Trainee: 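Just passing along the structure, written as structure tokens.
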Amino acid sequence: MIPENSTSDFASYAKKTTLFPSLVEQRQGRGPIPRVGEAPLEKIRADFPILSEQVEGRQLVWLDNAATTHRPKQVIDRLVHYYTHENSNVHRGAHTLAERSTDAFEAAREKIARFLGAPGANNIVFVRGTTEGINLIAYAYVKPLLRPGDEIILTLLEHHANIVPWQLVAQETGAVLRVAPVDESGQIILSEYAKLFNSNTRFVSMTQVSNALGTVAPVQEMVAIAHGFGVRACVDGAQSVSHMPVNVSAMDADFFVFSGHKIFGPNGIGVLYGKEDVLDAAHPWQGGGSMISDVTFERTLYQKAPQKCEAGTPNVADAVGLGAAIDYVSAIGMENIARYEHELLEYGIRELGVIPGLTLVGTAAQKASVLSFVLNGHENEEVGRYLNRAGIAVRAGHHCAQPILRRFGYEGTVRPSLAFYNTPGEIELLARTLHEFVNSSL
């Protein structure tokens, strides 16, 4: 995150400030070996096998972390161990493998609860990912509350996954969406957000970190404002949990959702945190096995949450793999990860901010992970293809966040995005390759 006193003009900020000489010294061989907390960066990178991959004959430089992160061998090995020694359905088997599988599955739930600062494991529901989590909240909890003319508040920063489900339930119920604006830097205007609340407001959902701009929204303050009007709030943590410490109890979120593949875990697994009362109030999301306590043809009695929300055979292996990913980042320390990425982001701002014709998009004072930009006179996909030939993987497009990009007059950007296994040298290679691209186009 960029200091509070930073200017919204990244290029001038870079010229005025000596940004993190420790990173510069490391690249010049004068400083210590880069570390993330106590862990040497070289050792961390060795934990991720795919970072040794060759692309177009070049060493892979993975700067598409906002789309998906890679998995350390500790997660991969845990999945192999599960399928080799524990594979079984959970909860009801009267045999050893069922006990092993159930123990591993529920241990992962407990790890995630501790990681999020949740009151307990029963607040944690396993879902396929952030998208399914938001849809569960929209249909199982919010939709039954809605009447024609009721209102749901979103923000302009949202990913499509935190827009479309609310549009669908609004269309089905006659509810209305209201949208909190952002300022010229891409930060939520809190005073305008507060003005959206009225007696018709029924729910609010907000991202903690914008996947398109990297803006860190003031979610604790936003939740407090919502609660001041008696309104429940959901926080989309897909882009925050891998970059900063998160405590849902301190945040006081009613719901919090994230995806495993954004935090070095498997695909197809995610987490919905909910306060006990809202999970109890939610209608069943899907019907089937596991979520029932008794069934006749006349009526069904349901389990309490979280089982009520987890119909059918769960994705046990990937839940266990997500638990291993949580173990991995917890061992490094989220504070250490946030600190290192903060330095790397500012180093990237300086390096990219002086490239002719390059405009960084998203200049909020509080920012994480993302270096979205456009390059004057060039299509985003053209830039992405050129970078790929140098082995550099970035995202080019609208990032499933069209409303916020259109707020700044763009249909898309090029989006390098960072993780703690990225290096100052990779930032320099990105900047050098972009300089070469600009010069080759003159």
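Residues: numbered from 1 along the sequence shown. Only a predicted model underlies this, so the values are computations on that prediction, with no experimental measurement involved.
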Trainee: Does a donor on one side chain and an acceptor on the other come within less than 3.5 Å for N267 and R71?
Mentor: yes
Trainee: Looking only at side-chain N and O atoms, does H399 offer a donor or acceptor that is under 3.5 Å from a partner on T413?
Mentor: yes
Trainee: Can you list the steps and then say if K367 with E346 is a salt bridge (charged side-chain N to carboxylate O under 4.0 Å, His left out)?
Mentor: CA-CA 10 Å; K367 183 177 166 76; E346 290 210 340; over 6 Å; no
Trainee: Assess, by modelled atom type and distance only, whether the side chains of R385 and N388 contain a donor and an acceptor separated by less than 3.5 Å.
Mentor: no
Trainee: Against L116, only a single residue in I124, N247, I326 fulfils side-chain contact (heavy atoms from CB on, under 4.5 Å); can you say which?
Mentor: I124
Trainee: To the closest 0.5 Å, what do you measure between OG1 (T102) and CZ (R100)?
Mentor: 12.5 Å
Trainee: For R406, give me all partners under side chain to side chain donor-acceptor pair (under 3.5 Å), at least two apart in sequence or on another chain.
Mentor: E411
Trainee: Heavy-atom count around E221 CD within 6.0 Å, excluding the residue itself: above 12?
Mentor: yes
Trainee: Verify the distance criterion only: is there a donor paired with an acceptor across the side chains of H227 and D252 at less than 3.5 Å?
Mentor: yes
Trainee: Is there a donor-acceptor contact under 3.5 Å linking the side chains of N122 and E276?
Mentor: no
Trainee: Please lay out, stage by stage, how F203 and W166 fare under the test ring-ring contact (aromatic ring centres under 6.0 Å, His included).
Mentor: CA-CA 10 Å; F203 199 74; W166 304 113; 5.4 Å; yes
Trainee: Can you tell me how far apart CG (L168) and NZ (K143) are? Round to the nearest 0.5 Å.
Mentor: 9.5 Å
Trainee: Which residue in the set T69, N65, D47 passes side-chain hydrogen bond (donor to acceptor under 3.5 Å, both in side chains) when paired with Y421?
Mentor: N65
Trainee: Does the pair E42/R45 count as a salt bridge with the N-to-O cut at 4.0 Å?
Mentor: no
Trainee: Which heavy-atom pair separates T423 from L41 by the least distance, and what is that distance?
Mentor: CG2-CD2, 3.6 Å
Trainee: Could you tell me if the side chain of W285 sits less than 4.5 Å from the side chain of V127, heavy atoms only?
Mentor: no
Trainee: Distance only, no hydrogens: is a donor on one side chain within 3.5 Å (strictly under) of an acceptor on the other, for T130 and S259?
Mentor: yes
Trainee: Would you check if M251 and V246 make a side-chain contact, meaning some heavy-atom pair closer than 4.5 Å?
Mentor: yes
Trainee: Got a donor-acceptor contact below 3.5 angstrom from the K308 side chain to the D280 backbone?
Mentor: yes
Trainee: A side-chain contact here means heavy atoms from C-beta on lying under 4.5 Å apart; do D254 and I137 qualify?
Mentor: no
Trainee: Check whether any side-chain heavy atom of L430 lies under 4.5 Å from a side-chain heavy atom of V61, and answer yes or no.
Mentor: no
Trainee: I'd like to know if the side chain of E99 pairs up with that of T96 as donor and acceptor (distance under 3.5 Å, no hydrogens or angles considered).
Mentor: no
Trainee: Working to the nearest 0.5 Å, report the span between OH of Y340 and CG of N422.
Mentor: 7.0 Å
Trainee: With the side chain counted from C-beta on, respond yes when I152 and D150 share a heavy-atom pair under 4.5 Å apart, and no when they do not.
Mentor: no
Trainee: Side chains of I44 and Y328, heavy atoms from C-beta outward: is any pair under 4.5 Å?
Mentor: yes
Trainee: So that I can tick it off, tell me whether E38 and K43 are bridged by a salt bridge, with the cut-off set at under 4.0 angstrom between side-chain N and carboxylate O.
Mentor: no
Trainee: So, do N87 and V316 sit near enough that their side-chain heavy atoms are less than 4.5 Å apart?
Mentor: no
Trainee: Which is it for F115 and Y273 under the ring-ring contact (aromatic ring centres under 6.0 Å, His included) test, yes or no, and what are the steps along the way?
Mentor: CA-CA 11 Å; F115 180 74; Y273 158 83; over 10 Å; no
Trainee: With heavy-atom distances below 4.5 Å as the criterion, would you say the side chains of Y410 and T359 are in contact?
Mentor: yes
Trainee: Does atom CZ of R178 have more than 12 heavy-atom neighbours from other groups under 6.0 Å away?
Mentor: yes
